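Naming convention: chains lettered A, B, ... in sequence-line order (proteins, then strands); numbering from 1 in each chain. Just so it is clear, the model here is predicted, and its values are computed rather than measured.
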Amino acid sequence: MRKLTLLVPILMVALAMSAFAGGAQEQTAQGPATVSLGYSGGVWIEKYFDQVLAGLAQSMPNLQVKKVVYPTYDDLLNGLPTQVAAKTNPDVLYWTNEQLADYVNNGVLAPLDTLVPQTRIDLGAFYKGLVQGWSMNGKLYGIPFNGQNSAMVVNLDLLKKAGIDGLPKTIQELGQDAALITKTGATGLVILDNLFHLSQYVYAFGGGWGNGKTINTPQNVQALQFLVDMFTKDKSAATAKQLGAAWDGEAFAKGTVGFSTGGPWYIGYMQQAGPNVHYQLMPIPTASGGTAMVTYGGGLSVFANVKDTRSAIRLIEYLTNEENMKLMATSGLKYLPARTADMDLYVSQVPEFAPLKTAFFTGTALDYPPAIKEFGDELIKGFEQMVFQPEGGLTPQALLSTLQQKYGVK
Amino acid sequence: MPADTSSPPGVSTLSRRPRRPRARRRDTTSAYVLLAPALALLAVWFLYPIVSSFLLSVQAVNVFYYSQRTWVGLANFQRLLSDPVFRSTIRITLTFVLIVVPAQTVLALLAAVLVQGLRRLRTFYRTALFVPYVTSTVAVTAVFMDLFTVHSALPVFFSRLGLADVSWFADVHLALPFLAMIYVWMNLGLYMVIFLSGLQTVPAELYEAARVDGAGAVHELLFITVPSLRPFVLFVVISGMIGAFQIFDQAYVVSGGTILGGPAGATSTIVIFIFAQAFRYNKLGSASAAAVLFLVVVSLATLVMRRIFREETRAA
């Protein structure tokens, strides 16, 4: 009996210990993995992610998300390099692909090619241009999340006032229309002097930067000359700053500008800032009578220093599933989902996008040179010199040749 | 010669260093203890960044791999000095300093003399002129940008004087004068207050004697006020020069939305260049080299100014 009374407590302690030990092991082996998701904040994006991530526990119970919200997109871009250096960056990043080359060349991002086949992500479901935009050197560095594109924004009232029937069919015709609009006392065309906006004219003339391979092609020279002439000869173009605006949309919303290179972001802005301006979005007409549209947008990337890449790609798989992509179009966010199947749903929500619908499917990706910031800044500075200091004698040919030499890739 | 009463009897005062009184030693220790927090903060916030800048200026840095820096000697300096953009920023900054420093010194002195001579509303004018100095640079610049936008009242007014009716900040010839105007307007109040305090030190008898001798207001200003305020002028010129060399905020705001230093690089000052190198292009080595050169230039300019004023004071 004495042995039994001794044995029972020992057995109970042993049982309890094994139970605790077993529980901890299970917790470690099967506990939810935490993945951090970085993005820049905003009212609608916050609401969207809150709504989407609320369903994560049900779909992927073994995955938890820690949000890393940057106050603005500039904060995100400025803070990331030091975070990467300190290895405090988020695991997954929602961003745009404008600086992809810089990050890829520095080996900061993880290629996703081997990870995607482990999930239900179907790259064929996305717009080709968007997938292309997230690829470099034959590898994929981001899963498209939402689409964005360039477009020409036209003030229909000013067109009518200038006696112009219909929208321009070529870029040269657009230049002539801008000159006619200027004669009415308005400004023919406004441009924000930055790389993106200047590049749209390069594409319209059939050129492009070719990721640094084709900076000084005749088409690019022709495009710059076209713009310079609009400023210096026709006096039909102005920068947003010349018109006292911080960006092109602000100038356009005043109703005194005929054309502007913009995109779908004008839709929401014009509702607020220029509700009485009668305008339309259209694909940018090319020199040969076709259309040029650059498609780019938000995507989800994984950093190279992430250890649990499997969980990171699973989070991306969840975020880009059919349900969450549809929600992007129907929620207050009103972003164009990156899946082709959701285009009609998006157009039903944002009818102003309808004229751009067809062109979006054949849109091409941005093709900036790797040293994108230096190249862009020097291009803009040179452009401003040609426009504001024509007596300096700088020509598009000379500028682009210098840039080819400095930032070109063979 | 009085007997030395501080030394113990029989001990020569010449044979060893005199010992400091214990109370004085205690005071010195207390002073160091009390200064320690401030010195520690100075070391962390000023000394460490300066030393870091010097080190980074001779290193190649990839911001993504900050810990893997390599020594490159003077390569950053060589590259910088052969960079036409950097040379252009030096020219632009020097132009800015040469516009701003004389303008703000003369205007602040005149404002101080005028305010000092007021019998009524002196406090009001002193405050009104000082307010821009304590107002947000961004807000002031934004207001000035609004005032000087194409077709606004001021560009239209100036167009009657022969200037074009354009947005000044977007015009390659007017952008720098536009920055200088904002800068002078903002700093005028501070330097006026310094001159006002200097005016309190000028003996009233000098003015009375001059008036007896028939001197007018201009003679009083040129031959009594200005010479008497020489140390204050020196301070205003040197601190004004250092401040003007560091022009950044206004230029940054003016560039908003487009590339820094626009239009066409007309407002690309040295600090704008350093900022762009460090935080836009992530070239920390190049930015640090520029910062070191900048420090040397400002220090040399300050020394030259001190020498000029000292020799003039001696001559006077």
Side-chain angles (χ1 to χ4, degrees), chain A residues 74 77-87 89 99 102-103 105-109 187 191-195 197-198 238-251 256 303-305 371-392 394, chain B residues 61-69 83-85 88-89 141-142 144-152 154-155 164-175 178 252-268 272-273 275-284 286:
Chain A
D74 272 349
L77 291 179
N78 292 335
L80 269 179
T82 43
Q83 284 189 317
V84 171
K87 296 187 173 62
N89 53 281
Q99 297 195 16
D102 194 19
Y103 279 70
N105 290 337
N106 278 293
V108 172
L109 298 176
T187 304
I191 187 167
L192 183 66
D193 31 1
N194 75 12
L195 178 59
H197 288 262
L198 236 64
T239 63
K241 206 186 279 182
Q242 280 183 297
L243 300 178
W247 66 292
D248 46 290
E250 189 185 329
T256 55
F303 282 96
N305 59 11
I372 167 179
K373 290 179 194 165
E374 289 96 326
F375 168 75
D377 287 359
E378 213 159 314
L379 173 70
I380 296 304
K381 190 177 168 188
F383 173 72
E384 287 178 341
Q385 277 173 0
M386 289 188 287
V387 166
F388 299 131
Q389 288 178 305
E391 68 275 11
L394 184 65
Chain B
V61 188
N62 181 334
V63 73
F64 289 113
Y65 303 97
Y66 186 76
S67 57
Q68 298 167 23
R69 302 185 295 276
D83 182 357
V85 177
S88 162
T89 64
T141 310
F144 266 81
M145 286 173 77
D146 205 38
L147 289 172
F148 283 87
T149 294
V150 61
H151 305 326
S152 298
L154 286 171
D165 176 16
V166 293
S167 297
W168 280 36
F169 48 88
D171 186 279
V172 76
H173 302 295
L174 293 173
F178 175 74
Y252 185 84
V253 176
V254 162
S255 299
T258 55
I259 61 164
L260 291 169
T267 60
S268 186
I272 285 281
F273 177 86
F275 180 86
Q277 292 290 314
F279 303 112
R280 184 159 169 76
Y281 309 139
N282 291 327
K283 292 179 175 174
L284 292 183
S286 177

Can you tell which part of B:Phe169 gets under 4.5 Å to a heavy atom of chain A, answering side chain, backbone, both or neither?
both
For A:Phe375, look at atom CZ and say whether over 12 heavy atoms of other residues, nucleotides or ligands are found less than 6.0 Å away.
yes
Can you tell which part of B:Phe279 gets under 4.5 Å to a heavy atom of chain A, answering side chain, backbone, both or neither?
backbone
Closest approach of A:Asn106 and B:Asn62, non-hydrogen atoms and distance?
OD1-ND2, 2.7 Å
In Å, rounded to the nearest 0.5 Å, how long is the span from CG of B:Leu284 to OG1 of A:Thr82?
9.5 Å
So what's closer than 4.5 Å to chain A heavy atoms on B:His173: side chain, backbone, both or neither?
side chain
Report which part of B:Val166 has an atom under 4.5 Å of a heavy atom belonging to chain A: side chain, backbone, both, or neither.
neither
Within the distance-only criterion (no hydrogens, no angle test), does the side chain of A:Lys241 pair as donor or acceptor with the backbone N or O of B:Val254 below 3.5 angstrom?
yes
Hey, are the side chains of A:Lys381 and B:Val85 touching, using non-hydrogen atoms and a 4.5 Å cut-off?
yes
In Å, rounded to the nearest 0.5 Å, how long is the span from CD of A:Glu374 to NZ of B:Lys283?
4.5 Å
Measuring from atom CZ of B:Phe64 to atom CG of A:Asn105, what distance do you get when rounded to the nearest 0.5 angstrom?
10.0 Å
What is the distance from atom CD of A:Gln242 to atom CG of B:Asp171, rounded to the nearest 0.5 Å?
8.0 Å
When you compare the side chain of A:Val108 with that of B:Tyr65, does any pair of heavy atoms fall below 4.5 Å?
yes
Using a 4.5 angstrom heavy-atom cutoff, name the option from B:Asn282, B:Val172, B:Thr149 with the most pairs to chain A.
B:Val172
Relative to chain A, which of B:Ala264, B:Ser67, B:Ala170 shows the most heavy atom pairs under 4.5 Å?
B:Ala264
What are the two closest non-hydrogen atoms of A:Gly244 and B:Ser167, and how far apart are they?
N-OG, 4.0 Å
Salt bridge (charged side-chain N to carboxylate O under 4.0 Å, His left out) involving B:Arg280 - partner list, sequence neighbours excluded:
A:Asp377
